[in-house]
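If you read the sequence from its start, that first residue is 1, and numbering goes on from there. This one's a predicted model, so the numbers in the text were calculated from it and none came from an experiment.
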Amino acid sequence: TKAVKDSENTTQQDDGTTSKDTLLLRVEVTRADENPMPWNTLQFEVFNKSDKSVAHIVQSIDNDSCGTVSVQLTPGTYKVAVLAHSLSGEPKFSSPTKVALFSKNDCSDVFYAYSVIQVENKAQEVELTLHRATSLIRFHTKDVIPENVKSFILTCSGGSSILDLGNGLR
């Protein structure tokens, strides 16, 4: 639907309904003592009752308002997904709870939040808490590496590049 905002922060929808102002989303991190944060990007996705993405917002940690977004929605039920990561690309959602994280051996600490919310005909504020989904592991050796060794191959199995935000499992 098309929305037009007037001077009183009321939104007139093209179907004739009116909704008041916005939904404000704020994100809290479960480990606030980490400095610097182990991620540099916050990705917000809001899905409607048909599981169609109706808002896609990406923020850099350098942004002064990082962690706070405001979206204008008509009353109804929505699914909100948030990812915090340092991946080189943007993770892709195949549904509100399924997201493909890694491609081309890209690794990062990843945090997530997921919530089903009911938007009413008034301004609202929702707090979301990030939970750790994956951790980046780096290996540093103190042993001398022989000159003829050009690379190491480490294999990890049993994992998946798809994160299920509904239960936090990969």
Side-chain angles (χ1 to χ4, degrees), residues 1-87 89-103 108-134 160-170:
T1 63
K2 187 171 115 185
V4 179
K5 194 163 187 171
D6 67 22
S7 61
E8 295 178 1
N9 286 337
T10 301
T11 304
Q12 181 72 42
Q13 302 296 324
D14 61 359
D15 65 0
T17 61
T18 302
S19 65
K20 187 74 170 163
D21 214 346
T22 57
L23 172 67
L24 187 65
L25 300 171
R26 293 190 193 278
V27 172
E28 272 186 38
V29 179
T30 55
R31 295 183 60 180
D33 60 335
E34 294 191 59
N35 191 12
M37 294 307 294
W39 48 266
N40 61 21
T41 303
L42 270 178
Q43 181 176 336
F44 293 83
E45 300 281 341
V46 179
F47 297 87
N48 64 14
K49 65 182 176 184
S50 301
D51 291 346
K52 179 182 178 210
S53 178
V54 295
H56 169 83
I57 301 154
V58 178
Q59 295 179 331
S60 166
I61 198 164
D62 299 328
N63 182 326
D64 288 339
S65 65
C66 185
T68 302
V69 298
S70 179
V71 292
Q72 199 167 340
L73 300 168
T74 56
T77 303
Y78 294 87
K79 298 166 189 152
V80 178
V82 181
L83 289 178
H85 61 84
S86 294
L87 299 166
E90 212 174 274
K92 302 294 181 216
F93 284 83
S94 58
S95 77
T97 58
K98 300 277 193 275
V99 60
L101 295 176
F102 308 115
S103 63
S108 166
D109 288 301
V110 175
F111 297 80
Y112 74 96
Y114 177 78
S115 184
V116 177
I117 59 171
Q118 185 66 38
V119 173
E120 298 172 4
N121 198 10
K122 63 181 181 178
Q124 290 175 253
E125 189 171 318
V126 174
E127 297 261 341
L128 299 167
T129 301
L130 293 175
H131 304 281
R132 185 181 290 272
T134 64
S160 168
S161 65
I162 305 297
L163 177 64
D164 183 338
L165 300 180
N167 62 24
L169 297 179
R170 288 186 46 209

**OP:** Would you please say whether a donor-acceptor pair under 3.5 Å links the side chains of E90 and H56?
**Re:** yes
Original post:
With a 4.5 Å limit on heavy-atom distance, are the side chains of K92 and K98 in contact?
Top reply: no
**OP:** Work out which heavy atom in F47 is nearest to a heavy atom in S95; give both atom names and the distance.
**Re:** CZ-O, 4.1 Å
Subject >> Nearest-0.5 Å distance that lies between atom CG in D51 and atom OG in S94 >> reply: 10.5 Å
Subject >> V110 and L83: CA distance, side-chain angles, deciding distance, side chain to side chain contact (heavy atoms under 4.5 Å, CB included) verdict >> reply: CA-CA 7 Å; V110 175; L83 289 178; 4.3 Å; yes
**OP:** Search all heavy atoms of A55 against all heavy atoms of V71 and return the closest pair with its distance.
**Re:** CB-CG1, 3.9 Å
Original post:
Is there side-chain contact between F111 and P38, with at least one heavy-atom pair below 4.5 Å?
Top reply: yes
Subject >> 4.5 Å side-chain heavy-atom contact, E120 and P75 >> reply: no
Subject >> Side chains of Q43 and V82 in contact at under 4.5 Å (non-hydrogen atoms) >> reply: no
Subject >> Residue pair H85, Y112: steps toward the side chain to side chain contact (heavy atoms under 4.5 Å, CB included) verdict >> reply: CA-CA 9 Å; H85 61 84; Y112 74 96; over 6 Å; no
**OP:** Compare all side-chain heavy atoms of V46 with those of K79 and state whether any distance is below 4.5 angstrom.
**Re:** no
Subject >> Nearest-0.5 Å distance, OG1 of residue T77 to NZ of residue K49 >> reply: 8.0 Å
Subject >> Check: D62 main-chain N/O paired with S60 side-chain donor or acceptor under 3.5 Å >> reply: yes
Original post:
What heavy-atom pair brings L42 and C66 nearest, and what distance separates the two atoms?
Top reply: CD1-SG, 3.7 Å
Subject >> pair Y114-T97: side-chain heavy atoms closer than 4.5 Å >> reply: yes
**OP:** Would you give the length of the straight line joining atom CG of N63 to atom CD1 of I61, rounded to the nearest 0.5 angstrom?
**Re:** 10.5 Å
Original post:
Just by distance, do the side chain of E45 and the backbone of I57 share a donor-acceptor pair under 3.5 Å?
Top reply: no
Original post:
Is Q124 close to L24 at the side-chain level, that is, under 4.5 Å between some pair of heavy atoms?
Top reply: no
Subject >> Verdict with reasoning, Y78 to V116, per side chain to side chain contact (heavy atoms under 4.5 Å, CB included) >> reply: CA-CA 6 Å; Y78 294 87; V116 177; over 6 Å; no
Subject >> Heavy-atom closest pair, residues Q59 and V69 >> reply: NE2-CG1, 3.3 Å
**OP:** Take V27 and L25, measure what side chain to side chain contact (heavy atoms under 4.5 Å, CB included) needs, and give me the verdict at the end.
**Re:** CA-CA 7 Å; V27 172; L25 300 171; 5.9 Å; no
**OP:** State, with a plain yes or no, whether a side-chain heavy atom of V119 is found less than 4.5 Å away from one of I117.
**Re:** yes
